[in-house]
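Atom set for the values below is all heavy atoms of this structure, side chains included, hydrogens, waters and symmetry mates excluded.
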Amino acid sequence: MKDLCLALAHADTEAEIVQTLKDEGMWDNPKHWQSFAGIENNFSIIGNQQALPESALVEKIINCVDAVLMAECLKRKIDPTSTEAPTNIWKAVEKFFEVKGGFLYNLDARKRAELAEKTVNVVASGSKALPSYSFIDFCEGQSATTMPKTLLSLMGSNKLRIPFVQGKFNMGGTGVFSFCGDRNLQVMITRRHPEVSVYEKEDTARDDWCFTILRREDPREGQKHSIYTYLAPSGKIPKFKATSLPLFPMPYPEAYGREVEHCTFIKIIEYQIPRYKT
């Protein structure tokens, strides 16, 4: 499973991913795929999220920022929905990162760069015409147990009562799907932050890496439209044990190679942004 995970993470084209999964006997077997969010009619929701690919990309970064603040809250054993939690994003940034007023312009360029590298990163790879973008954050992370309720959920209430995050409706992260190549592929790899998972003894998967890949399937027999599904062989999200994974970029131009001990890594494949004429 580790080898499959890394093969998917390092692929930059749809063709590579499809062939990798076909070689494993997974791509064409419907038993290995589950409806995204457990909703068979999810295309009607996901397909109407964003009109512009640029706006959809921003939603991914917003989700990463939310994860940063959530992690800092959970590491301090503060219930994000409680009165102990910060009441807005600016107070959260000030409390957790000691940034005056919560505004990043109060940090000099060096400190901003240091904060960015250890929290949220965006990496472009592949071709210039159809690049793939990886979003890497070193925040709360997820486990195979929590993924269905978070990264693989839709219209849930997991952020509804948390005042310091920007996401509210639990669907903005799906806005990129329709702009990803022909099959709308997205790779997800994550491991729970050890300073968070230490409090979650009941989660038996809390120390494992887990991964999946999202895709758009053409209508099956009897269906009127496509459906979004995610890889879950035998109904289970793939997971494995490893101390670290080479998911973070090395110095340019190496897009991968640096080992990370935990993170959330989301890669959108062959993203389509039209070139604007000057």
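Here the side chain of Ser226 pairs a donor or acceptor atom with the backbone of Glu217 at under 3.5 angstrom. Under a 3.5 Å cut-off, the side chain of Ser82 and the backbone N or O of Glu84 do form a donor-acceptor pair. Put simply, the side chain of Thr146 never gets that close to the backbone of Gln142: no donor and acceptor are under 3.5 Å apart. The main-chain N or O of Leu107 is found under 3.5 Å from a side-chain atom of Arg112 such that the two form a donor-acceptor pair. Ser143 places no side-chain N or O within 3.5 Å of a backbone atom of Ala205 that could act as its donor or acceptor partner. Side-chain atoms of Asp208 never come within 3.5 Å of backbone atoms of Lys239 as a donor-acceptor pair (strictly under, hydrogens ignored). Checked by atom type and distance alone, the side chain of Arg191 pairs as donor or acceptor with a backbone atom of Thr243 at under 3.5 Å. The main-chain N or O of Trp27 is found under 3.5 Å from a side-chain atom of Arg215 such that the two form a donor-acceptor pair. Of the possible donor and acceptor atoms, one in the side chain of Arg216 sits under 3.5 Å from a partner among the backbone N and O of Asp182.
Distance check, rounded to the nearest 0.5 Å: CG of Asn106 to NZ of Lys111 gives 11.0 Å. Separating the CH2 atom in Trp209 from the CG atom in Leu245 is a distance of 4.5 Å, to the nearest 0.5 Å. Ile213 CD1 to Cys5 SG: the interatomic distance, rounded to the nearest 0.5 Å, is 10.5 Å. Residue Asn42 holds its CG atom at 9.0 Å from OG1 of Thr174, rounded to the nearest 0.5 Å.
A salt bridge is absent between Lys100 and Glu94: the closest approach of a Lys/Arg side-chain nitrogen to an acidic carboxylate oxygen does not fall below 4.0 angstrom. With respect to Lys267 and Glu16, no salt bridge is recorded, no charged nitrogen being found less than 4.0 Å from a carboxylate O. Classification of Glu114 and Arg110 as a salt-bridged pair holds, one side-chain N sitting under 4.0 Å from a carboxylate O.
Between Glu117 and Asn121, the side chains place no donor N or O within less than 3.5 Å of an acceptor N or O (distance only, hydrogens not considered).
A search for ring-ring contact (aromatic ring centres under 6.0 Å, His included) contacts involving Tyr230 returns nothing, not counting sequence neighbours.
Atom CD of Gln272 sits in a crowded spot, with more than 12 heavy atoms from other residues, nucleotides or ligands closer than 6.0 Å.
Counting only residues at least two apart or in different chains, ring pair (Phe, Tyr, Trp, His ring centres under 6.0 Å) contacts with residues 105-154 comprise Phe103-Tyr105, Phe138-Phe248.
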